[in-house]
A.B. asks: 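Starting off with a structure, shown below.
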2 protein chains.
Amino acid sequence: MAIGIKEIARLAGVSTATVSRALSQPARVSPETRAQVMAVVEQHDYRANSFARSLRVRRADAVLALVPNLGNPFFSEIIAGIQEGLAPAGIDLLVTDSLSQQVRRQSPVGHLQAARADGLICLDGGLPAEVLDELAASDVAGRVVFACEWPEGRHFTTVRSDNRAGMALAVQHLAALGHRRFALLTGPAGNVLTQERRQGAVAALAAAGLSLPPEAIAGGSFEIRDGYRAAGALMRCAERPTAILCASDQLAIGCISGLSELGIRVPEDVSVVGFDDIALAAYSRPPLTTIRQDRRRLGRSAAERLLDSLAGRPAAEPLTTLPVEIVVRRSTAPAPGRG
Amino acid sequence: MAIGIKEIARLAGVSTATVSRALSQPARVSPETRAQVMAVVEQHDYRANSFARSLRVRRADAVLALVPNLGNPFFSEIIAGIQEGLAPAGIDLLVTDSLSQQVRRQSPVGHLQAARADGLICLDGGLPAEVLDELAASDVAGRVVFACEWPEGRHFTTVRSDNRAGMALAVQHLAALGHRRFALLTGPAGNVLTQERRQGAVAALAAAGLSLPPEAIAGGSFEIRDGYRAAGALMRCAERPTAILCASDQLAIGCISGLSELGIRVPEDVSVVGFDDIALAAYSRPPLTTIRQDRRRLGRSAAERLLDSLAGRPAAEPLTTLPVEIVVRRSTAPAPGRG
DNA sequence: TTGAAAGCGCTACCAA
DNA sequence: TTGGTAGCGCTTTCAA
């Protein structure tokens with residue numbers, strides 16, 4: 001068992017109160033006593049038991065991140081950002097998977113109720129209504145922020161990328177290259193990002209006097225595999241598209257892979273634009289034109305917002321929208337016949 | 001503030017001891033009392049304060065995962081596996097970045113000392129010697145397991161993939177295709193995986209009567225970028241290799257990208273084999289032949305080993321080596337001139 | 001089967 | 001500036 005404060009106090013010849021103060025409010029202890037205490041502390045490598053401390057101060061100094069799927073590499077950069085935002089404040093990061101939580105029928109609110117975490121950063125916009133109701137309860141709502149995704153029709157503090165603007169950027173780039181027949185590879189049905197990005201695409205298309213026929217919409221997840229599968233469906237359209245907007249880089253890479261199996265060249269025959277700018281995007285063949293969203297910053301902002309909120313300084317505006325930019329690489333080219 | 005055990009006891013008309021028992025040892029409470037207590041518990045959605053509990057039972061019910069770089073998607077699958085191994089036992093997962101830890105000069109042992117975590121799963125084999133010494137201390141060593149990477153010359157419990165066998169598989173596959181001139185793209189200098197995989201390659205090459213000239217070794221990290229850069233260097237070898245073994249899929253994808261810039265075709269001119277089998281490997285152009293290591297299982301095993309060890313049943317053998325397999329896709333082909 | 005009460009290790013109040 | 005001490009919320013012994 002590790003050494004305790006009583007033993008440190010005994011060895012330093014002071015009271016436990018003084019040891020505690022020497023550690024957390026050094027200014028309130030005379031320099032000599034402090035030195036004396038610190039010597040013993042360092043000698044024994046003493047660290048205050050965090051549970052006793054948390055119990056007393058009623059603070060966990062930990063935050064829980066609820067991730068839809070921990071195994072999905074898309075989230076790793078966001079998690080790194082969260083950690084980056086938390087670390088300076090000395091706050092620990094707990095992570096859990098909303099899939100496994102649901103299997104075990106545990107609410108993430110349990111962690112807050114058990115005082116195990118001070119706050120919650122939720123990367124899953126698709127939580128069941130019961131859970132959202134719990135999260136919206138007055139004593140909890142101030143301790144949760146959504147990042148990346150968010151639940152619709154609710155009013156949680158949220159940090160997100162400008163998904164609509166991103167799609168608009170993609171449409172404008174493609175339209176400028178002379179493309180007129182567009183297709184869209186969407187994410188999972190019901191996902192907010194799917195909706196935002198679709199609406200962004202439709203609006204930007206309309207602004208360019210273009211439209212998106214229903215048969216030119218495919219997808220159904222953000223995964224590579226679905227991009228691969230959808231490629232075939234899209235190419236069977238009566239009016240074959242020359243430009244494909246994808247709701248994720250994974251979809252785009254899968255789609256290009258599928259197109260290539262069909263003997264269709266990117267970007268000569270068809271242009272493809274991704275979304276996210278994952279690390280591999282620059283090195284896929286061809287290097288992917290995509291919409292970059294700063295996932296690390298997304299995580300960092302979410303952490304900072306949560307910390308502010310926990311410290312009693314909630315932001316005036318519950319919604320933070322981070323800018324995105326288009327990164328033009330080589331998966332897009334002038335529309336065929338307009339080279 | 002959340003409701004406490006005293007209030008529940010009062011409302012249920014029993015003592016706090018009975019509430020506690022009803023919750024954690026239901027068999028030791030009469031059915032009527034239990035029902036009575038549970039009714040109040042559910043009505044108020046009561047959850048025992050985890051700190052008070054941990055303080056009393058001297059157990060955190062949490063484990064810390066120390067990851068070299070949380071933002072690296074390679075680790076996400078391992079983390080998912082850890083979580084998967086921990087969840088059935090109701091153990092929480094804390095994550096931290098060894099980079100940021102080092103910047104802040106905090107030892108991960110601090111979490112154990114502060115009783116904040118019961119154990120540590122370390123994915124970083126390159127920790128500084130001081131930290132390793134701390135981890136090797138008798139009261140700590142039984143609570144740490146290394147996964148994926150491990151520190152050399154130490155005797156920690158470790159779960160890893162069979163890196164040497166993996167490279168041997170790659171060499172055998174390529175040799176069978178008639179390749180005689182090999183190159184190797186290695187990971188970071190000093191990394192165990194770099195060494196194991198290099199040794200595996202050299203040994204398997206030797207067994208086939210082949211060797212690896214020093215100029216045919218390049219790399220220096222597991223990152224895509226370095227694969228891309230190394231492609232040029234490798235192609236400048238006097239004896240240009242026809243087969244490139246890569247220590248990671250990222251290196252392989254970067255390398256193929258670099259080769260393609262140079263007008264070198266994969267697999268017609270050069271065959272490339274990766275290592276890991278990341279999700280994108282199957283969809284890169286060309287689909288990557290690679291060595292699959294089961295990262296999720298790696299994480300799960302590590303979690304299970306740690307849990308066993310914490311429960312006082314340490315495994316007899318400190319080293320667990322998981323099998324790997326080769327996945328042949330289309331980045332490898334018969335050596336040129338042997339079609 | 002149940003309750004009273006000690007005490008886990010710490011912080012913060014109050015008094016000296 | 002320092003020490004004594006109550007008490008954070010829970011579990012667990014001991015006795016009834």
Side-chain angles (χ1 to χ4, degrees), chain A residues 1-38 40-41 44-62 90 110-118 139, chain B residues 1-38 40-41 44-62 90 110-118 139:
Chain A
M1 198 51 209
I3 196 169
I5 200 174
K6 275 160 104 168
E7 186 65 2
I8 298 290
R10 198 182 60 74
L11 293 170
V14 297
S15 72
T16 60
T18 301
V19 174
S20 177
R21 275 188 296 253
L23 256 23
S24 45
Q25 317 173 54
R28 295 196 43 188
V29 170
S30 78
E32 307 82 60
T33 348
R34 193 193 315 150
Q36 208 169 314
V37 171
M38 293 314 280
V40 181
V41 164
H44 292 83
D45 215 11
Y46 168 74
R47 294 273 259 113
N49 179 301
S50 76
F51 299 128
R53 169 164 219 287
S54 285
L55 181 57
R56 189 59 235 239
V57 305
R58 319 174 85 79
R59 204 162 14 87
D61 286 330
H111 275 83
L112 299 184
Q113 285 170 334
R116 185 127 208 181
D118 300 317
D139 55 331
Chain B
M1 201 49 213
I3 196 170
I5 199 173
K6 275 160 103 169
E7 186 65 3
I8 298 291
R10 198 182 60 74
L11 292 170
V14 297
S15 71
T16 60
T18 299
V19 175
S20 176
R21 276 188 295 252
L23 256 23
S24 45
Q25 316 171 58
R28 297 195 41 187
V29 170
S30 78
E32 307 82 60
T33 338
R34 196 192 315 152
Q36 208 170 311
V37 171
M38 294 314 280
V40 181
V41 164
H44 292 82
D45 213 11
Y46 167 75
R47 291 275 257 111
N49 179 301
S50 75
F51 298 127
R53 169 164 219 288
S54 285
L55 181 58
R56 187 59 232 237
V57 305
R58 318 176 83 82
R59 203 161 16 85
D61 286 329
H111 275 83
L112 299 185
Q113 285 169 335
R116 185 128 210 182
D118 300 318
D139 55 331

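Reminder, nothing fancy here: chain letters follow the sequence lines and each chain counts from 1.
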A.B. asks: side-chain contact (heavy atoms from CB on, under 4.5 Å) for A:Thr33 and A:Thr18? Distances and angles first, verdict last.
C.D. replies: CA-CA 8 Å; A:Thr33 348; A:Thr18 301; 4.1 Å; yes

A.B. asks: Using a 4.0 Å heavy-atom cut-off, does B:Ser24 contact any base of the nucleic acid, only the sugar-phosphate backbone, or nothing at all?
C.D. replies: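 No contact at all - B:Ser24 keeps every heavy atom at 4.0 Å or more from the nucleic acid.
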
A.B. asks: Roughly how many Å is it from CD in B:Gln36 to P in C:dT1, rounded to a whole number?
C.D. replies: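 Answer to the nearest Å: 15 Å.
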
A.B. asks: How many angstroms lie between CZ in A:Arg58 and CG in B:Asn49, if you round to the nearest 0.5 Å?
C.D. replies: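 One gets 8.0 Å once the value is rounded to the nearest 0.5 Å.
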
A.B. asks: How long is the line joining CZ of A:Arg21 and P of D:dG4, in whole Å?
C.D. replies: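 My rounded result for the distance is 11 Å.
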
A.B. asks: Expressed as a whole number of angstroms, how long is the span from A:Ile8:CD1 to C:dC10:P?
C.D. replies: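 From A:Ile8 CD1 to C:dC10 P: 9 Å.
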
A.B. asks: Rounded to the Å, how far apart are A:Gln25 CD and C:dT11 P?
C.D. replies: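 Atom-to-atom, A:Gln25 to C:dT11, this comes out as 10 Å.
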
A.B. asks: Out of curiosity, A:Arg53 CZ to A:Arg59 CZ, how far, rounded to the nearest 0.5 Å?
C.D. replies: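 If I round to the nearest 0.5 Å, the distance is 5.5 Å.
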
A.B. asks: Report yes if a side-chain nitrogen or oxygen of A:Arg53 is closer than 4.0 Å to either non-bridging phosphate oxygen (OP1 or OP2) of C:dT11; otherwise report no.
C.D. replies: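 Yes, such a contact exists.
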
A.B. asks: For B:Ala17 and A:Lys6, take the nucleotide of DNA chain C holding the closest heavy atom to each; which residue's nucleotide lies nearer the 5' end?
C.D. replies: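 The residue mapped nearer the 5' terminus is B:Ala17.
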
A.B. asks: Can you tell me which nucleotide in D:dG9, C:dG3, C:dC10 comes closest to the side chain of B:Ser15?
C.D. replies: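 Given the options D:dG9, C:dG3, C:dC10, the side chain of B:Ser15 is closest to C:dG3.
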
A.B. asks: Picking from D:dG3, C:dC10, C:dT2, which would you name as closest to the side chain of A:Val14?
C.D. replies: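 So the nucleotide nearest the side chain must be D:dG3.
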
A.B. asks: Hey, is the side chain of B:Ser50 poking within less than 4.0 Å of OP1 or OP2 on D:dC10, counting only N and O atoms?
C.D. replies: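 No, B:Ser50 has no side-chain N/O under 4.0 Å of OP1/OP2 on D:dC10.
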
A.B. asks: Which whole-number value in Å describes the distance from A:Leu23 CG to C:dC10 P?
C.D. replies: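 So the two atoms are 10 Å apart, to the nearest Å.
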
A.B. asks: Below the 4.0 Å mark, does C:dG3 have OP1 or OP2 next to a side-chain nitrogen or oxygen of B:Thr18?
C.D. replies: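 Answer is yes, contact under 4.0 Å.
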
A.B. asks: Output the rounded distance in Å from CZ (B:Phe51) to C1' (C:dG7).
C.D. replies: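 Interatomic distance, CZ of B:Phe51 to C1' of C:dG7: 19 Å.
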
A.B. asks: Does A:Ser20 place a side-chain N or O at less than 4.0 Å from the phosphate oxygens OP1/OP2 of C:dC10?
C.D. replies: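 No, because none of the side-chain N or O atoms of A:Ser20 sits under 4.0 Å from OP1 or OP2 of C:dC10.
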
A.B. asks: Rounded to the nearest 0.5 Å, how far does OG of B:Ser15 lie from CZ of B:Arg21?
C.D. replies: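 Rounded to the nearest 0.5 Å, the CZ-OG separation comes out at 6.0 Å.
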
A.B. asks: On the nucleotide C:dT2, are OP1 or OP2 found under 4.0 Å from the side-chain N or O atoms that B:Ser30 carries?
C.D. replies: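 Answer is yes, contact under 4.0 Å.
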
A.B. asks: Distance check needed: D:dG9 P versus A:Arg56 CZ, whole Å only.
C.D. replies: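 Whole-Å distance recorded here is 10 Å.
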
A.B. asks: Does a side-chain N or O from B:Ser54 land closer than 4.0 Å to OP1 or OP2 of C:dC8, or not?
C.D. replies: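 False: B:Ser54 side-chain N/O out of range (4.0 Å or more) of C:dC8 OP1/OP2.
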
A.B. asks: Considering just the side-chain nitrogens and oxygens of B:Tyr46, establish if one lies under 4.0 Å of OP1 or OP2 belonging to D:dC10.
C.D. replies: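 Yes.
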
A.B. asks: In whole Å, what is the span from the CZ atom of A:Arg58 to the C1' atom of D:dG7?
C.D. replies: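 Result: 10 Å.
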
A.B. asks: Which comes earlier along DNA chain D counting from the 5' end, the contact point of B:Arg28 or that of B:Arg47, where each point is its nearest nucleotide?
C.D. replies: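 Per heavy-atom nearest nucleotide, the more 5' residue is B:Arg47.
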
A.B. asks: What's the spacing between A:Arg116 CZ and B:Arg47 CZ if we round to 0.5 Å?
C.D. replies: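 Spacing of CZ (A:Arg116) from CZ (B:Arg47) equals 9.5 Å.
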
